[in-house]
Colleague: 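Would you mind keeping the following structure in view while I ask a few things?
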Amino acid sequence: MSDNLLDHTADNGKDTFLMCPPDHFEVSYVINPWMAGNIAQGNHSIAMRQWLALVEAIAKVADVKLMPAMPGVPDLVFTANAGVVLGNKVVLSRFRHVERQAEEVYFDAAFKEQGFEVLTVPPELPFEGAGDALMDRTENLLWFGHGHRSDAACAAQLEELLDIEVQPLKLVDERFYHLDTCFCPLAGGYLMYFPEAFDAASQAKIAARVPADKRIVVGSEDALHFACNTVNSGRHIFLNQASDALVTELQARGFVVHQTPLTEFLKAGGAAKCLTLKLNEPQQTVLSEPH
Ligand code: ARG
């Protein structure tokens, strides 16, 4: 881990992703439908190999910073849930389920070590970080998913803490329990998403804010392979698995798609994006084509 992450990202202009090695990763409880039937069904060495392959792929185009793995918190590997970052501020997660609450101190320490100003929502409001709060790539806008994990009342909190417009979206399919499982803003103002994971009013809001030619609608088969759970850095896209049709569609828009199997993490309900947290989120986002 570099001594001062914020200086580092400013220097080389690359994206920086926070990740946590799966040293203690396993499925040892069930807090989402993907975990059901998977307790103790994981293969640790395959998980480690898959995670290392993801790191290797991302590290070709971006910086990867590591935080230490800890025993007793198997889902710590999903750093997307550490908090939501904007500029030098981060709003720390407060997990809905007691099984994940012990992770909060480790994420807090990692952010402080990197020099972030750590903010919190009121104790009674569950909030699951960049699992549910995703920056738009063209507007100064934070998309916010609620309905399963984060409390809807966090929208107003985030607006105030981060001084940014927040667009709430209601999630209605329990398999897509975090926003980042079914919704991914991409470079160039594109949006890859699975509409059926949202209620009708939220689908209408998305359609009203994102022009039709920028919306990449994902079908259920790709969605269930966590294709929307994508890490995007410039024109590069890293995901577990995508159909030929989706790959072709993304390529036509200038993206380079890297498929890197993360089946061991699917058993816990996570994939590429869940395993990362983008640490450089500029306060003012600028419209840019994939480069
Ligand atoms: N087992 C974890 C949970 O249910 C998976 C988290 C996946 N993270 C994400 N950002 N979607 O909380």
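In listed order, ligands and their atoms are each counted from 1. On a predicted model such as this, the values are computed, not experimentally measured, just so you know.
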Colleague: Please give the N or O to N or O pairs under 3.5 Å between ligand 1 and the protein, distances rounded to 0.1 Å.
Modeller:
| from | atom 1 | to | atom 2 | distance (Å) |
| --- | --- | --- | --- | --- |
| ligand 1 | 1 (N) | Asp75 | OD1 | 3.3 |
| ligand 1 | 1 (N) | Asp75 | OD2 | 2.8 |
| ligand 1 | 1 (N) | Ala268 | O | 2.8 |
| ligand 1 | 4 (O) | Asn32 | ND2 | 2.8 |
| ligand 1 | 4 (O) | Arg149 | NH2 | 2.8 |
| ligand 1 | 8 (N) | Asn81 | OD1 | 2.9 |
| ligand 1 | 10 (N) | Asn81 | OD1 | 3.4 |
| ligand 1 | 10 (N) | Asn81 | ND2 | 3.4 |
| ligand 1 | 10 (N) | Asp180 | OD1 | 3.3 |
| ligand 1 | 10 (N) | Asp180 | OD2 | 2.8 |
| ligand 1 | 11 (N) | His178 | ND1 | 2.9 |
| ligand 1 | 11 (N) | Asp180 | OD1 | 2.8 |
| ligand 1 | 12 (O) | Arg100 | NH1 | 2.7 |
| ligand 1 | 12 (O) | Arg149 | NH1 | 2.9 |

Colleague: Would you say that Phe176 contacts Tyr193 through its side chain, given a criterion of any heavy-atom pair below 4.5 Å between the two side chains?
Modeller: no
Colleague: Can you see which heavy atom on Cys184 is nearest to which on Cys228, and at what distance?
Modeller: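 Closest approach of Cys184 to Cys228: CB-O, 3.3 Å.
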Colleague: Under 4.0 Å between a Lys/Arg side-chain N and an Asp/Glu carboxylate O for Arg209 and Glu165?
Modeller: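 A salt bridge is present here (some side-chain N lies under 4.0 Å from a carboxylate O).
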Colleague: Consider side-chain hydrogen bond (donor to acceptor under 3.5 Å, both in side chains). Of Asp180, Thr230, Asn229, which one does Lys273 pass it with?
Modeller: Asp180
Colleague: What's the separation between atom CZ in Phe183 and atom CG in Leu171, rounded to the nearest 0.5 Å?
Modeller: 10.0 Å
Colleague: Return yes if a side-chain donor-acceptor contact under 3.5 Å exists between Ser93 and Asn81, otherwise no.
Modeller: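 Checked: Ser93/Asn81 side chains show no N/O donor-acceptor pair below 3.5 Å.
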